[in-house]
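Only heavy atoms go into these numbers, but all of them, side chains included; no hydrogens, no water, no symmetry mates.
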Amino acid sequence: MAATNTYIPFPSKILEIIRHTKKEYTFRMEYPDALHKIRPGQFFEISMPKFGEAPISVSGIGDNSIDFTIRDVGVVTDEVFHYFEGKSLLIRGPYGNGFVYDDYNGSELIVVAGGTGVSPVRGVIDHYAHHPEDVDGITAIVGFKSPDDILFRDDLDYWKDHIDFRMTVDSAKGQPGYREGFVTAVVPELTPKDLNTTKAIVVGPPPMMRFTIMGLLKLGIPETNIWLSQERKMCCGLGKCGHCKIGDTYVCLDGPVFPYTKSKTMID
Amino acid sequence: MEFLASKADVSALFEAWQKDYDIYAPKLFVGGGRFSDTDVIRYARITSPDEIVWDKKSLYSFKEALIPPSETLFFYSGTNVTESDAPRPAIIFLRTCDMAAVARLDQIYEKNGAPDYYYDRKRKAMKFVVMPCKSTCEEGYCVSMGTNVPKGYDMAMDLAADGTYRIDAVDPAFSDLLNKIDENAAVDDKFHIPYVTENKVRVSIPRDLTIDVMKSHIWDEYNYRCIACGRCNYVCPTCTCFTMQDVSYDANGVLGERRRVQASCMVDGYTDVAGGASYRKKYGERMRFKALHKVYDFNQRFGYQMCVGCGRCTDVCPEYISFSRIINRLEEGMKEVRANGSN
């Protein structure tokens, strides 16, 4: 049987572009029946004109749309980003396993995310914020560098009102109303009802993930109850290009979401 | 089916082949080496058997015919995409160790995840002619890696000292062609395709090798000896990595083509991610990553070693780093980490 050409991208219409910061934008793209077809934590290869193809995690899932939060895209400036609305980009995917709700349903859930690491878990937090009955309580801790770097402000407002939500900024740059420090400082303050059944998801830069997991383990959450998502340079998403390989593991095929018990054995 | 063919027979075979195939083989490029007044043997499309270098190993491997240094996947105009044309079917002349490497390329491109379309369409239209080795090369260690016996070829062709060719044609179409060219060429006597039974270099992979060997100090010297040029990857017949690259034809990026280009895990940028992180910044870490892929973790995933022992990485290294020595130091590395572990 001849192989299918999975490198050929398909056009997806840009429904809306949401600006978060000076450098970060969310592209809301058309994707029929996304809610049933896409899992948070999965990724697509997105073609940006004059930039090329890059792996971007799904940062939100709508009924018929998926969000991609894109940083530092040369073509998108204040002047031209509205120009893209209604046009299409070439994309291919989804790739990777993503987060599986069954792993967390019925348990108390703690999600800790830092910076652009909020993108892959935004769908998870949002899902449980809208279906609180599916979990035995959810706490989300998100951290950004400064108030200028905060992503998904509308979602954060919703989460504040509906779940146990905490946010830190590394530096408030003198602005009032922000908690300064790292997300790792919040972890010891958590008081899960039952440590043995509490589940946790951690996504962010490598040092943030390392120290957050240390904190969760110290709190008494078992290793087997922690998941994380690995960011690597998935050039193909198909297990061929090699860039995302860690030991005998291909992050694109076997991840990017891994149980901590697996992830701790993966050494770059 | 075995044949004893004359030079004229093989020339006629080449003529006949070229109606349906492009032929790629190791060829001498006089003055083509990287240093002044040096030659290089590398793969090129040939038209006559006289162009083939029989007595020396090519510096670059046959893999360029299957996974070219740069390969156009498709052309785009806005969101309209046109797939690139498939190349003509090809016949590849290659060494016994290289034939073993084909299985490694197949493993990644055909069997790690779904089959790769661009690889698959070339691979299915490709035939392999093994050029057996009658004596060992300087740096090769195929016997240690178990890749010294020719297997899986469509034809084996050996140029004898008297200028005749001994041929084992497995592919029936190839036998038919030879029978048509010279009805007297077929021989009844079974002759053995030669192979090397001993190399100058031997390697031994520790049976108890684990990822713990990364903690050993054996990798430290490569922090300064290795210059991360990536030549070892580019010449390796089993290295398969590539990076996506867009080439714009116009200023606003509407028209262009997408390529994949060979990539190297030794070269800067290989692991850079959008968030700004990168992994394995030290060259010694990259050497460890590459070495363990070749003789440890590919085996963990697929059940056999990736390295075929061709020795090209050692041949090409501008810093005279011997890859066989790295393999042979793994034992020392394991001893070191075991000793430290028991403290």
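- The shortest heavy-atom contact between A:Ser47 and B:Arg258 is OG-NH2, 2.8 Å.
- Between atom CG of residue A:Asn5 and atom CG of residue B:Asp116 there is a gap of 8.5 Å, rounded to the nearest 0.5 Å.
- Among residues 242-254 of chain A, the residues having any heavy atom closer than 4.5 Å to a heavy atom of chain B are, in sequence order, A:Gly242, A:His243, A:Lys245, A:Gly247, A:Asp248, A:Thr249, A:Tyr250, A:Leu253, A:Asp254.
- Counting heavy-atom pairs closer than 4.5 Å to chain A, the top-ranked of the candidates B:Glu83, B:Gln245, B:Glu285 is B:Glu83.
- Residue B:Arg260 touches chain A through its side chain alone, counting heavy-atom pairs closer than 4.5 Å.
- Using a 4.5 Å heavy-atom threshold, the side chains of B:Tyr270 and A:Lys233 count as separate.
- The interface of residues 258-268 of chain A with chain B, defined by heavy-atom distances below 4.5 Å, comprises A:Ile267, A:Asp268.
- Of all residues spanning residues 210-222 of chain B, those with a heavy atom less than 4.5 Å away from chain A's heavy atoms are B:Ile211, B:Met214, arranged by number.
- When heavy atoms are compared at a cutoff of 4.5 Å, B:Phe74 approaches chain A solely by way of its side chain, counted from C-beta outward.
- Residues A:Cys235 and B:Thr243 share a closest heavy-atom pair of SG-CG2, 4.0 Å.
- Heavy-atom distances place no part of B:Tyr296 under 4.5 Å from chain A, backbone and side chain included.
- For B:Ala263, the part sitting under 4.5 Å from any heavy atom of chain A is the side chain, from C-beta outward, and nothing else.
- In this structure, no portion of A:Pro205 lies under 4.5 Å from any heavy atom of chain B.
- For CG of B:Asp208, the number of neighbouring non-hydrogen atoms (other residues, nucleotides, ligands) closer than 6.0 Å is greater than 12.
- Under a 3.5 Å cut-off, the side chain of A:Lys240 and the backbone N or O of B:Asn112 do form a donor-acceptor pair.
- Between chain B and the options A:Leu238, A:Ile56, A:Ile8, the largest number of non-hydrogen pairs under 4.5 Å is found for A:Ile8.
- Shown here is A:Phe182, whose CZ atom has no more than 12 heavy atoms of other residues, nucleotides or ligands within 6.0 Å.
- Between A:Pro11 and B:Thr79, the shortest heavy-atom distance links the atoms CB-CB, 3.8 Å.
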Pairs of donor and acceptor atoms involving the side chains of residues 276-284 of chain B, under 3.5 Å and at least two apart or interchain, shall be tabulated with distances.
from, atom 1, to, atom 2, distance (Å)
B:Tyr279, OH, A:Glu231, O, 3.3
B:Tyr279, OH, A:Arg232, NH1, 2.8

